[in-house]
Amino acid sequence: MPTKFEEKVYKAVKKIPKGEVRSYEWVAKQIGRPKSVRAVGNALNKNPYAPIVPCHRVIRKDGSIGGFASGAGKKVELLKREGAEHCSARTYVNKEKIC
DNA sequence: AGACTGACATACC
DNA sequence: CGGTATGCCAGTC
């Protein structure tokens with residue numbers, strides 16, 4: 001059962017437009033806790049709303065994916081396939097640029 | 001209740 | 001520039 005905090009996180013992530021990517025900091029800011037990026041990651045890690053919340057659109061500020069439950073690399077491909085057709089969205093994996 | 005963990009960020013060496 | 005170290009927040013053991 002997700003807590004209020006997590007609910008806010010999911011809500012914020014769901015707001016991310018398709019084909020766009022946001023940083024954890026961005027999400028944290030949306031929920032009103034810019035420094036709770038870790039907690040955000042924790043919430044997304046459980047991600048009970050897997051298909052509802054596009055967690056793969058949430059990346060690090062550096063542009064790196066960071067890590068995902070199903071594998072960062074796979075998530076990047078999925079991300080590229082889903083929306084980030086152009087390289088406009090900084091799509092990196094562990095500091096490595098995909099596009 | 002206390003300690004550890006985790007998908008981060010920033011600072012310092 | 002790259003790796004190491006510390007701080008942060010919420011959740012879970």
Side-chain angles (χ1 to χ4, degrees):
Chain A
M1 159 177 236
T3 67
K4 300 273 179 147
F5 179 81
E6 295 193 345
E7 278 185 34
K8 288 203 242 178
V9 174
Y10 303 133
K11 199 163 130 174
V13 175
K14 279 194 306 194
K15 275 165 46 204
I16 302 177
K18 188 167 155 193
E20 291 286 321
V21 292
R22 294 292 185 270
S23 59
Y24 292 95
E25 190 195 41
W26 182 88
V27 178
K29 217 182 259 254
Q30 300 308 301
I31 64 181
R33 284 284 186 294
K35 286 174 231 349
S36 309
V37 288
R38 329 209 53 154
V40 173
N42 228 339
L44 291 174
N45 184 249
K46 302 154 150 219
N47 196 18
Y49 301 91
I52 301 104
V53 178
C55 31
H56 53 273
R57 287 189 201 141
V58 187
I59 59 179
R60 285 183 66 166
K61 212 167 90 204
D62 306 275
S64 15
I65 294 298
F68 278 104
S70 306
K74 296 185 123 171
K75 247 41 183 175
V76 177
E77 291 189 57
L78 177 66
L79 178 62
K80 276 174 48 176
R81 185 152 48 82
E82 265 209 357
E85 335 172 340
H86 320 225
C87 315
S88 44
R90 291 196 255 237
T91 314
Y92 295 79
V93 169
N94 205 18
K95 295 283 181 79
E96 261 183 74
K97 202 170 183 222
I98 302 293
C99 227

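The chains referred to below are lettered A, B, ... by the order of the sequence lines, with proteins before strands, and numbering in each begins at 1.
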Tell me, with the steps shown, if A:Y24 and A:R60 meet side-chain contact (heavy atoms from CB on, under 4.5 Å). CA-CA 6 Å; A:Y24 292 95; A:R60 285 183 66 166; 4.1 Å; yes

Applying side-chain contact (heavy atoms from CB on, under 4.5 Å) to A:R22 and A:V58, what does each step give before you reach the verdict? CA-CA 5 Å; A:R22 294 292 185 270; A:V58 187; 5.6 Å; no

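Note: NZ (A:K8) to P (C:dA10) measures 9 Å, nearest angstrom. The interatomic distance linking A:E25 (CD) with B:dC8 (P) rounds to 13 Å, in whole Å. In this structure, A:K4 atom NZ and C:dA10 atom C1' are separated by 16 Å, rounded to whole Å. We find that CZ of A:R33 is positioned 14 Å from P of C:dC8, with the value rounded to whole Å. The nearest whole Å value for the distance from the CD1 atom in A:I59 to the P atom in B:dC8 is 12 Å. The distance between atom CZ of A:R22 and atom C1' of B:dA7, rounded to the nearest whole Å, is 18 Å. Atom CD1 in A:I65 sits about 14 Å away from atom C1' in B:dC8, given to the nearest Å. Rounding to whole angstrom units, CZ of residue A:F5 and P of C:dT12 are separated by 12 Å.
With hydrogens and angles ignored, a donor-acceptor pair under 3.5 angstrom links the side chain of A:R38 to the base of C:dC8.
Atoms CZ and NZ, from A:R57 and A:K14 in turn, are 12.5 Å apart once rounded to the nearest 0.5 Å.
A 6.0 Å sphere centred on NZ of A:K11 holds no more than 12 heavy atoms belonging to other residues, nucleotides or ligands.
Comparing atom distances between the A:R60 side chain and each of B:dA9, C:dA10, B:dA7 picks out B:dA9 as nearest. Distance from the side chain of A:K35 is smallest to C:dC9 among C:dC9, B:dT10, B:dT5.
When heavy atoms are screened at a 4.0 angstrom cut-off, A:Y24 is found touching base atoms of the nucleic acid.
No donor-acceptor pair closer than 3.5 Å links the side chain of A:Y49 to the backbone N or O of A:E7.
Listed pair A:K61 / B:dT10 meets the phosphate criterion, a side-chain N or O lying under 4.0 Å from OP1 or OP2.
The nearest heavy atom of DNA chain C to A:S36 and to A:K46 marks one nucleotide each, and the one closer to the 5' end goes with A:S36.
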